[in-house]
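Reading through the structure tokens given below for one structure.
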Amino acid sequence: TKEERLREWGAQVRLVTSANYDAAVSFFKAHIDETPFVSLDLETTVPQESDEWLAGRKGVDVIASTIVGCGLTFGRNNQYGFYCSVDHKDTDNISREQLATLLELIPQEKMTVAHNAAGFELPVLYKAYGERWKSNGWRGFFPNMVDSRIAASYWDENQQSHGLKQLTKLLLGYEQTSYDEVTQGRKMSEMTAAETLSYGLDDVYTAAGLWNFFTTIMQIEDTLEAFMRIEQYPMYLSALSFVNGTPISLARLRELKQKDEATNAECTQVLNEYLIKQGGDG
């Protein structure tokens, strides 16, 4: 920026490798206390079997995904961006243990934002570090995470898509580069960290911006406390069931379906009587 007064708030991006890991940890420690929240995003890869399983389908094999890189934003304005390279091609990667050590520097009382945390970041991190974190008070999951995709519903539940790239274009006026454009048919582990750096940090900056927007709306509408109370813990249960599966009772499902149908019929009758009384058309 040409406005010097804003320079200290501008984005500062660093690729974290084995060579500068210690310096990155020191810098992170120096700024974590002033950080209002952390934004996190993972880049991952999957084995060939996943490609075969998903052939002809849309989706990601979350359970088989392993971490290739991790983007983080922090600082007073979330202006600092680290992209930690773990499994990139031709890169001086840090170890998965070093990434865990860096993530453990985030105080548990400080929220970490991820877009689609319930469906991706939480399960992938649990698969990677669940044993290491099993006594952390969050059953081995990354602590105190929130999902900006779920928060989008508290802004507008009628949007056709709550995907990050669609929301970024709509609300931030910025069109992100797509995964296919960046990878050109390659897996993330087949790319160098230098090639991935901008893309790997794009999602964390945009998710941080969206979270700021959504929480502002929730504060105005007095729904932020409800969001945290109603959405956070169930999100963790959803991620846990995603990893471990959920036993299903068909008899119980049938019972619940019958109760739902009876309740729906009763409520529909009340609504219809009200509309008729009000002289509603149709």
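The first residue of the sequence shown is numbered 1, and numbering continues consecutively from there.
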Within the side chain of R96, is there an N or O that forms a donor-acceptor pair under 3.5 Å with the backbone of I67?
yes

Any chance CG of D222 has more than 12 other-residue heavy atoms, nucleotides or ligands included, within less than 6.0 Å?
no

SB check E104 R132 (cutoff 4.0 Å)
yes

With rounding to the nearest 0.5 angstrom, report the CD to SG distance, E121 to C70.
8.5 Å

Taking the side chain as every heavy atom from C-beta outward, state whether Y80 and V13 have any atom pair closer than 4.5 Å.
no

Closest heavy-atom pair and its distance - V60, F120
CG1-CE1, 4.0 Å

Scan side-chain atoms only and decide if T192 and D90 contain a donor-acceptor pair under the 3.5 Å cut-off.
no

Are R186 and E195 ion-paired here, with the side-chain N under 4.0 Å from a carboxylate O?
yes

When the ring centroid of Y129 is compared with that of F141, is the distance short of 6.0 Å?
no

Would you call K89 and E190 a salt bridge, taking side-chain N to carboxylate O under 4.0 Å as the test?
no

For E225, I'd like to know if atom CD has over 12 heavy atoms of other residues, nucleotides or ligands within 6.0 Å.
yes

Can a side-chain donor-acceptor contact be found between D202 and Q176 if the only test is distance below 3.5 angstrom?
yes

Under 6.0 Å between ring centres: does that hold for F28 and F74?
yes

State, without any angle test, whether N136 and Q108 hold a side-chain donor-acceptor pair at a distance under 3.5 Å.
no

A quick test of your reading: do over 12 heavy atoms of other residues, nucleotides or ligands sit less than 6.0 Å from CD of Q278?
yes

Find out whether H115 and D41 are in side-chain contact, i.e. whether some heavy atom of one side chain is under 4.5 Å from a heavy atom of the other.
no

Note: D51-K187 ion pair, threshold 4.0 Å (strictly below):
yes

Checking T223 side chain against Q219 main chain: does a donor-acceptor pair fall under 3.5 Å?
no

Hey, does M235 have a side-chain heavy atom less than 4.5 Å from the side chain of L122?
yes

Backbone of E266 reached by a side-chain donor or acceptor of Q269 within 3.5 Å:
no

Side-chain contact test, heavy atoms from C-beta onward, threshold under 4.5 Å: evaluate it for T44 versus V46 and give yes or no.
no

Passes side-chain contact (heavy atoms from CB on, under 4.5 Å), V146 versus F227? Steps please.
CA-CA 10 Å; V146 290; F227 169 84; 4.3 Å; yes

Any donor-acceptor N/O pair, Y233 side chain to M228 backbone, under 3.5 Å
no

